[in-house]
Novice: 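This is the structure, below, for whatever I ask next.
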Amino acid sequence: MSNTIDKYVIQFCQDSLKVLKKYNNKINHNLSESEYKEFYKYDSKGVAIYSITEPILKFIIFSELCKKYQIWPEGNFYNGKKLLDIGLFYKTVKNIEEEIAPDIAIEMKWGGIKKNGEFATWSLKNLVSDIYKLNKECDIKNKYLMQFIVIHSDEMEIDNTLLK
């Protein structure tokens with residue numbers, strides 16, 4: 001079943017990427033067509049602008065994909081008080097009277113890459129921290145990381161074959 005769940009999560013990631021690209025294009029368009037183009041001249045022109053954080057990305061993904069997936073955009077599914085970023089159900093749940101653990105645990109993480117293509121130190125530390133947290137403190141069997149990295153250079157090529 002894990003191969004099937006892997007495919008399900010890959011589809012969820014592909015759908016999430018489409019949603020975020022849509023919002024990225026919308027933000028870019030609004031800033032590019034603004035009456036105040038000079039004011040925004042040095043700003044990022046998409047989802048990396050200013051204070052867009054994981055909770056905002058999570059809300060965008062949830063609000064667009066809740067029609068296709070059973071998603072909990074946050075839940076207390078760790079041992080302790082830590083919150084899981086996304087709980088995704090593979091098996092259809094028809095009636096939820098109390099909070100039950102999802103089939104799939106997804107942690108979201110912003111990431112950064114240096115110009116030479118290596119992970120930024122802070123990015124690698126955050127990634128390792130989430131891997132540890134998922135493996136040691138989460139009892140959900142199917143665990144995944146969803147990492148977001150915004151590339152500002154046309155020269156850097158990213159291998160995204162998993163999402164094709």
Novice: Does a salt bridge link D130 with K109, judged by any charged N lying under 4.0 Å from a carboxylate O?
Specialist: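 So D130 pairs with K109 through a salt bridge.
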Novice: Look up atom OG in S129 and atom CD in E107, then write down how far apart they are to the nearest 0.5 Å.
Specialist: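 These two atoms lie 9.0 Å from each other.
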Novice: Check whether any side-chain heavy atom of I61 lies under 4.5 Å from a side-chain heavy atom of L20, and answer yes or no.
Specialist: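 Yes, at least one pair of side-chain atoms sits under 4.5 Å.
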Novice: Could I get the full list of side chain to side chain donor-acceptor pair (under 3.5 Å) partners for K143, not counting sequence neighbours?
Specialist: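 So K143 forms no side chain to side chain donor-acceptor pair (under 3.5 Å) with any residue.
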Novice: What distance do I27 atom CD1 and K22 atom NZ have between them, rounded to the nearest 0.5 Å?
Specialist: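 If I round to the nearest 0.5 Å, the distance is 11.5 Å.
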Novice: Below 4.5 Å, heavy atoms only, C-beta onward: do F89 and I100 meet side chain to side chain?
Specialist: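 In short, these two side chains touch, coming nearer than 4.5 Å.
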Novice: Quick one: closest heavy-atom pair of W110 and L57, and the distance?
Specialist: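 Scanning both residues completely, I find the closest heavy atoms to be CZ2-CD1, 3.5 Å.
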Novice: Any chance you could measure I60, atom CD1, to L65, atom CG, to the nearest 0.5 Å?
Specialist: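 Reported value, rounded in 0.5 Å steps: 11.0 Å.
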Novice: Please tell me if the side chains of P73 and I86 come closer than 4.5 Å, counting only heavy atoms from C-beta onward.
Specialist: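 No - every pair of side-chain heavy atoms lies 4.5 Å or more apart.
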Novice: Could you measure the distance from the CG atom of L17 to the CD1 atom of I10? Nearest 0.5 Å is fine.
Specialist: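 Nearest 0.5 Å value for the CG-CD1 distance: 13.0 Å.
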Novice: Answer yes or no: is there a donor N or O on one side and an acceptor on the other, between the side chain of N76 and the main chain of L83, under 3.5 Å?
Specialist: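 Such a contact is absent between N76 side chain and L83 backbone.
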Novice: Between CG of L31 and NZ of K37, what distance do you get to the nearest 0.5 Å?
Specialist: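 Result: 11.0 Å between the selected atoms.
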Novice: Do C13 and M146 touch side chain to side chain, with heavy atoms closer than 4.5 Å?
Specialist: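 A side-chain contact under 4.5 Å exists here.
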Novice: Can Y23 be reached from F59 by stepping across I, L, V, M, F, W or Y side chains whose heavy atoms are under 4.5 Å apart?
Specialist: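 No, F59 does not connect to Y23 through the hydrophobic network.
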Novice: Taking only residues two or more places apart in sequence, or in another chain, which ones meet T92 in a side chain to side chain donor-acceptor pair (under 3.5 Å)?
Specialist: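 Not a single residue meets the side chain to side chain donor-acceptor pair (under 3.5 Å) criterion with T92.
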Novice: Only counting residues at least two apart or in another chain, list the ones meeting side chain to side chain donor-acceptor pair (under 3.5 Å) with K125.
Specialist: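 K125 satisfies side chain to side chain donor-acceptor pair (under 3.5 Å) with no other residue.
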Novice: Are Y69 and Y8 close enough that their ring centers fall under 6.0 Å?
Specialist: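 Between Y8 and Y69, which both carry aromatic rings, the centre distance is below 6.0 Å.
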Novice: Main chain of V93, side chain of Q70: is a donor-acceptor contact present, judged purely on distance under 3.5 Å?
Specialist: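 Here the side-chain-to-backbone pair exists.
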Novice: State the CE-CD distance between M108 and Q147, to the nearest 0.5 angstrom.
Specialist: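 If I round to the nearest 0.5 Å, the distance is 11.0 Å.
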Novice: If we only count heavy atoms from C-beta on, is the K68 to F12 side-chain gap below 4.5 Å?
Specialist: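 They are not in side-chain contact.
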Novice: Going through the distances and angles, do D6 and Y144 end up as a side-chain hydrogen bond (donor to acceptor under 3.5 Å, both in side chains)?
Specialist: CA-CA 9 Å; D6 286 347; Y144 297 85; 2.5 Å; yes
Novice: Tell me, please, which residues at least two apart from Y78 pass ring-ring contact (aromatic ring centres under 6.0 Å, His included).
Specialist: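 Scan of Y78 (ring-ring contact (aromatic ring centres under 6.0 Å, His included), adjacent residues dropped) gives none.
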Novice: What do you reckon, are the aromatic ring centroids of F62 and W72 less than 6.0 Å apart?
Specialist: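 Between W72 and F62, which both carry aromatic rings, the centre distance is not below 6.0 Å.
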Novice: Which residues satisfy the salt bridge (charged side-chain N to carboxylate O under 4.0 Å, His left out) test with K41, sequence neighbours excluded?
Specialist: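 K41 satisfies salt bridge (charged side-chain N to carboxylate O under 4.0 Å, His left out) with E38 only.
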Novice: Does any N or O in the side chain of D85 come within less than 3.5 Å of the main-chain N or O of I106, such that one atom is a donor and the other an acceptor?
Specialist: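 Absent.
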Novice: Please confirm whether the backbone N or O of N28 pairs with a side-chain atom of S32, one donor and one acceptor, at under 3.5 Å?
Specialist: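 Pair found, side chain donor or acceptor close to backbone of N28.
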Novice: With a 4.5 Å limit on heavy-atom distance, are the side chains of N142 and Y90 in contact?
Specialist: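 Contact flag for N142/Y90 side chains = no.
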Novice: With a 3.5 Å distance limit and no angle check, can you tell me whether S34 reaches the backbone of N30 through a side-chain donor-acceptor pair?
Specialist: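 Such a contact is absent between S34 side chain and N30 backbone.
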Novice: Which donor-acceptor pairs under 3.5 Å do side chains of residues 132-140 form with protein atoms, sequence neighbours excluded?
Specialist:
unit_1: N135; atom_1: ND2; unit_2: I131; atom_2: O; d: 3.3
unit_1: E137; atom_1: OE1; unit_2: K82; atom_2: NZ; d: 2.9
unit_1: E137; atom_1: OE2; unit_2: K82; atom_2: NZ; d: 3.2

Novice: Is there side-chain contact between Q11 and Q14, with heavy atoms separated by less than 4.5 Å?
Specialist: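 The answer is yes, as the side chains (C-beta and beyond) meet within the 4.5 Å cut-off.
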Novice: Cluster question for you: counting only ILVMFWY and a side-chain heavy-atom cut-off of under 4.5 Å, with indirect links fine, are F148 and W122 together?
Specialist: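 In one cluster: no.
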